[in-house]
Amino acid sequence: MTGSNTPIKIAGLRNSAPVFAALGDETRLRLVAALCDGQPKSIAQLAAGTPISRQAVTKHLRVLSRAGLVRGMKSGRERLWEFEAARLEKARHSLRLIAEQWDQALSRLKRLVENEPGGGRGGNNPDG
């Protein structure tokens, strides 16, 4: 919790935008979920049991890599991919800050409405 009314820094949001964009695709979200078990996987392993070609998996992994969500490493003749949790945690932090600001704005609105004459019910009804 920030505990302040300071707006979220634009740079932080700008840095998180590629993460959210990368996760906006169902296939990439599935790949991240498959890598979240902490075990590096090959492209063949990630494509197994899906209708997605290895070439398509490779394309999606490149997008995830540019967003900083996965990292590829050479292992013999193949490339293994692993999840980078730190980048997702930074994006989650941005969402927490946005949620805090939204909660603060709603609290201010609630106080304003409750402090209106008539208890926030418009105050125009003489019967109550």
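Because the structure is predicted, anything quoted here is derived from the model rather than measured.
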Item to check | From CA spacing to verdict: side-chain contact (heavy atoms from CB on, under 4.5 Å), Leu35, Leu64 | outcome: CA-CA 12 Å; Leu35 291 169; Leu64 291 168; 5.9 Å; no
Next on the checklist: Checking Thr50 against Arg30 for the side-chain contact (heavy atoms from CB on, under 4.5 Å) test, could you report, in this order, the C-alpha distance in whole Å, the side-chain angles of both residues, the deciding distance, and whether it holds?
Outcome noted: CA-CA 11 Å; Thr50 70; Arg30 186 190 62 76; 3.5 Å; yes
Checklist outcome for this item: Rounded to the nearest 0.5 Å, the CD atom of Glu78 sits from the CD atom of Gln45 at a distance of 7.0 Å
Checklist entry - Can you tell me how far CZ of Arg92 sits from CZ of Arg96, rounded to the nearest 0.5 angstrom? => result 6.5 Å
Checklist entry - Should Leu23 and Val70 be regarded as members of a common hydrophobic cluster, given that ILVMFWY residues are connected when their side-chain heavy atoms come within less than 4.5 Å of each other, either directly or indirectly? => result yes
Next on the checklist: Looking at Glu114 and Arg111, is there a salt bridge between them, counting it only when a charged N and a carboxylate O are closer than 4.0 Å?
Outcome noted: no
Next on the checklist: Rounded to the nearest 0.5 Å, what separates atom CD in Glu82 from atom CG in Leu69?
Outcome noted: 13.0 Å
Checklist entry - If you draw a 6.0 Å radius around CZ in Arg79, do more than 12 non-hydrogen atoms from other residues or ligands fall strictly inside? => result yes
Item to check | Enclosure of Glu26 CD (heavy-atom neighbours >12, cutoff 6.0 Å) | outcome: no
Checklist entry - Is there a side-chain contact (heavy atoms from CB on, under 4.5 Å) between Trp81 and Leu31 once you walk through the steps? => result CA-CA 10 Å; Trp81 292 86; Leu31 290 171; over 6 Å; no
Checklist entry - Any side-chain heavy atom of Asp25 sitting closer than 4.5 Å to one from Val63? => result no
Next on the checklist: Nearest 0.5 Å, please: how far is CD1 in Ile52 from CD1 in Ile43?
Outcome noted: 12.5 Å
Checklist outcome for this item: dist Leu109:CG -> Gln104:CD (nearest 0.5 Å) comes out at 13.5 Å
Checklist entry - Counting only heavy atoms not in Arg54, do more than 12 fall under 6.0 Å of its CZ? => result no
Checklist outcome for this item: Between the CZ atom in Arg87 and the OG atom in Ser65, the distance rounded to the nearest 0.5 Å is 11.0 Å
Checklist entry - Are Leu88 and Leu46 connected in the hydrophobic side-chain network, where two residues link if heavy atoms are under 4.5 Å apart? => result yes
